Amino acid sequence: MITATLSTLQSLPLSSPSHSSSSYSLRHSHGRPFESFENGFRRSSQTHRFDYVDYQETPYRVIERYREMVLIYNNGAFSNLAFAPVLKACSKASALNPGKQIHAQAIKSGLSSDVFVQTSLLAMYSSCGEMETVFNLFDKIPHRNVVTWTAMMDACLRSEQPSRAAVVFCEMQRAGVRPDNFSIVSLLSACARLGALNLGRWVHSFIEKEGLELTVFIGTALVDMYCKCGSIDDALMVFNSMKKKNVQSWNVMLHGLSVHGRGEEALQLFFEMEMDIGIRPNEVTFVGILCGCSHSGLVEEGRFYFDLMWSKYGIEPTVKHYGCMVDLLGRAGLLEEAFKMVMEMPIPPNPVIWGSLLSACRAQNNLGMAERVNQRIIEIHRDSVQGDTSHYVIMSNMYAEAGLNNKMAEARIKIGKKPKGRSWIEIGCDVHEFTVGDVSHSMWLKIKVMLNEIMKKREDHGEEDLQNPHSEKVAVAFGLLSTSSPMPIRIVKNLRICEDCHGVMKLISEVYEREIVLRDCTRFHRFMGGLCSCKDYW
DNA sequence: GTAGGGTTAG
């Protein structure tokens with residue numbers, strides 16, 4: 001410890017702090033200069049100019065330089081200007097321990113009540129996953145500004161609590177704090193994750209009403225929201241009206257078309273994207289393209305673009321690109337080729353890839369290969385404490401169909417207790433959160449009958465129909481089309497859901513032979529297609 | 001002057 005301190009001190013310039021500042025500035029004079037924070041550090045009553053942050057540096061280097069400053073001025077006082085940038089660096093690096101030390105120093109300096117320091121601390125704890133601390137901290141911030149509120153929304157989104165983020169937004173409005181571009185983007189992100197189309201539309205009209213500019217960030221967030229909420233045409237409308245687009249805007253639209261089974265249009269969009277000078281497709285772009293090929297059964301096109309990403313753009317395929325390809329080949333019935341691809345890929349395959357191949361084996365009814373694949377999944381999961389058991393569900397069903405009852409029973413035991421999935425539905429202007437997997441429902445028998453009926457209707461529609469989004473139809477069914485103002489959200493806890501919905505959540509797990517954790521209810525909306533009786537129930 | 005934002009395989 002002492003050695004480290006000495007060596008750090010020795011490595012520092014012996015000249016005055018102001019001199020060290022200029023030497024660093026000179027060194028970087030060709031790039032973005034160091035941010036200058038006068039009063040960042042003070043010794044006695046004397047103020048020194050101190051530059052310690054260069055945003056081009058790695059977060060760890062920023063933290064290191066901050067520590068060097070602390071060593072020099074260990075008897076001095078800090079101003080809030082010293083803390084915010086280094087806490088931002090801690091956020092970027094998810095560096096909890098340095099963050100805690102800085103928190104302690106902030107308290108010692110009597111600056112823990114400064115809103116800049118508090119907001120930076122909030123963001124730091126949030127990016128380190130310390131949600132309890134975040135909520136405690138937030139409660140103790142007396143004068144929250146729009147940045148504080150947005151940081152809190154971001155914390156909710158990070159911890160997979162999008163409905164809470166929406167509530168935070170509402171509280172912010174109630175507190176009389178005007179939302180800005182940042183908070184609107186966070187709210188749109190919450191809508192996207194919730195599948196809350198109606199709320200998203202409210203946000204869109206809010207943007208227009210308030211005359212907020214359709215910046216590239218807001219535009220992209222809107223497009224993403226409409227895609228995730230199943231309203232692809234609205235997404236296209238916003239996308240086409242965007243004056244400025246960057247690679248993320250294109251990627252969002254491309255991926256949206258892909259997951260909606262509109263692969264041909266996705267490929268057309270990619271063509272247009274290539275025509276746009278100044279836009280260079282990146283690896284996310286190709287995840288979107290390959291996903292589109294897979295969802296639309298475009299095998300040859302998928303192969304073509306998988307090669308193109310390296311040959312034309314020099315992008316190395318990642319595990320996600322391989323995942324799309326394996327899914328594409330598997331769905332097309334090319335099991336051997338898919339298996340070969342997994343075995344020969346230069347990066348280690350993960351359970352997602354094997355799982356996708358296993359689903360393909362199930363679809364092709366290839367028990368032999370399914371067993372081989374299952375073995376691989378077991379090997380990968382061997383070391384993990386909380387293993388995903390969905391592969392056993394597929395195996396047990398395949399064994400059941402093959403009449404191998406002993407093996408089926410064996411697999412059933414392994415399935416064990418599944419964690420509860422959560423989902424949300426938007427009814428009117430409320431966002432409702434509920435959980436799935438409750439087997440104790442007193443109406444279960446009745447539900448079962450109802451589900452059979454729903455499944456029959458699904459079959460009558462044909463499998464193809466199920467691939468298409470039914471958002472508009474569902475919106476009507478759920479009574480979503482009425483808009484009310486000014487406060488669009490109210491979260492209902494301990495929600496009762498209608499028998500149909502409750503049962504369908506279970507059924508999805510059974511039918512798709514996988515554990516369903518619905519992050520948004522888009523898929524759920526599509527699945528229901530207006531067939532449930534939630535509207536009457538409510 | 002310092003703090004907060006959008007995309008990614010099943």
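Sequence lines set the chain letters: A, B, ... in the order given, protein chains first and strands last, and positions in each chain run from 1. In this text the structure is predicted, and so the values were computed from the model without any measurement.
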Inset, instruction - Take atom CD of A:E264 as the centre, draw a 6.0 Å sphere, and report whether it contains more than 12 heavy atoms from other residues, nucleotides or ligands. - result: no

Inset, instruction - Decide if atom CD of A:E208 counts as having more than 12 heavy atoms of other residues, nucleotides or ligands within a radius under 6.0 Å. - result: yes

Let me know the distance between [atom1] of [X] and [atom2] of [N], rounded to the nearest Å.
| X | N | atom1 | atom2 | answer |
| --- | --- | --- | --- | --- |
| A:M345 | B:dA9 | CE | P | 15 Å |
| A:F270 | B:dT8 | CZ | C1' | 15 Å |
| A:E213 | B:dG6 | CD | P | 19 Å |
| A:F169 | B:dG5 | CZ | P | 16 Å |
| A:H381 | B:dG10 | NE2 | C1' | 12 Å |
| A:D224 | B:dG6 | CG | P | 10 Å |
| A:F182 | B:dG6 | CZ | P | 10 Å |
| A:W250 | B:dT8 | CH2 | P | 18 Å |

[X], nearest nucleotide to its side chain (from [options]):
| X | options | result |
| --- | --- | --- |
| A:A84 | B:dG6, B:dG4, B:dT2 | B:dT2 |
| A:H255 | B:dG5, B:dT2, B:dT8 | B:dT8 |
| A:V147 | B:dT2, B:dG6, B:dA3 | B:dA3 |
| A:K228 | B:dG4, B:dT7, B:dG10 | B:dT7 |
| A:Q248 | B:dG10, B:dT7, B:dG4 | B:dT7 |
| A:V252 | B:dG5, B:dT7, B:dA3 | B:dT7 |
| A:V287 | B:dG5, B:dA9, B:dG10 | B:dA9 |
| A:L81 | B:dG1, B:dG10, B:dG4 | B:dG1 |
| A:N145 | B:dA9, B:dG5, B:dA3 | B:dA3 |

Inset, instruction - Check whether any side-chain nitrogen or oxygen of A:K88 sits under 4.0 Å from OP1 or OP2 of B:dA3, and answer yes or no. - result: yes

Inset, instruction - Tell me whether the OP1 or OP2 atom of B:dG10 has a side-chain N or O from A:H295 closer than 4.0 Å. - result: yes

Legend entry - With sequence neighbours excluded, residues passing salt bridge (Lys or Arg N to Asp or Glu O under 4.0 Å) with A:R303: A:E300, A:E337

Legend entry - Side-chain-base donor-acceptor pair under 3.5 Å for A:T220 and B:dG6: yes

Legend entry - Under-3.5 Å donor-acceptor pair between A:N350 side chain and B:dA9 base: yes

Inset, instruction - Please determine if A:R280 forms a cation-pi arrangement with A:Y313, meaning its NZ or CZ atom is less than 6.0 Å from the six-membered ring centre and no more than 45° off the ring axis. - result: no

Categorize [X] for me: base, sugar-phosphate, or nothing, with a 4.0 angstrom heavy-atom threshold over every strand shown.
| X | answer |
| --- | --- |
| A:D114 | nothing |
| A:V223 | nothing |
| A:V319 | base |
| A:T285 | nothing |
| A:I353 | base |
| A:V216 | base |
| A:N246 | base |
| A:V352 | base |

Could you tabulate the donor-acceptor pairs under 3.5 Å formed by side-chain atoms of residues 338-355 of chain A, not counting sequence neighbours?
| residue | atom | partner | partner atom | Å |
| --- | --- | --- | --- | --- |
| A:N350 | OD1 | A:V352 | N | 3.2 |
| A:N350 | OD1 | A:I353 | N | 3.0 |

Legend entry - Under 5.5 Å and under 30°: A:F217 stacked on B:dG5: yes

Inset, instruction - Applying side-chain contact (heavy atoms from CB on, under 4.5 Å), run through A:I207 and A:L222 and close with a yes or a no. - result: CA-CA 10 Å; A:I207 292 164; A:L222 266 174; 4.1 Å; yes

Legend entry - Short side-chain to backbone donor-acceptor contact, A:R158 and A:M131, under 3.5 Å: no

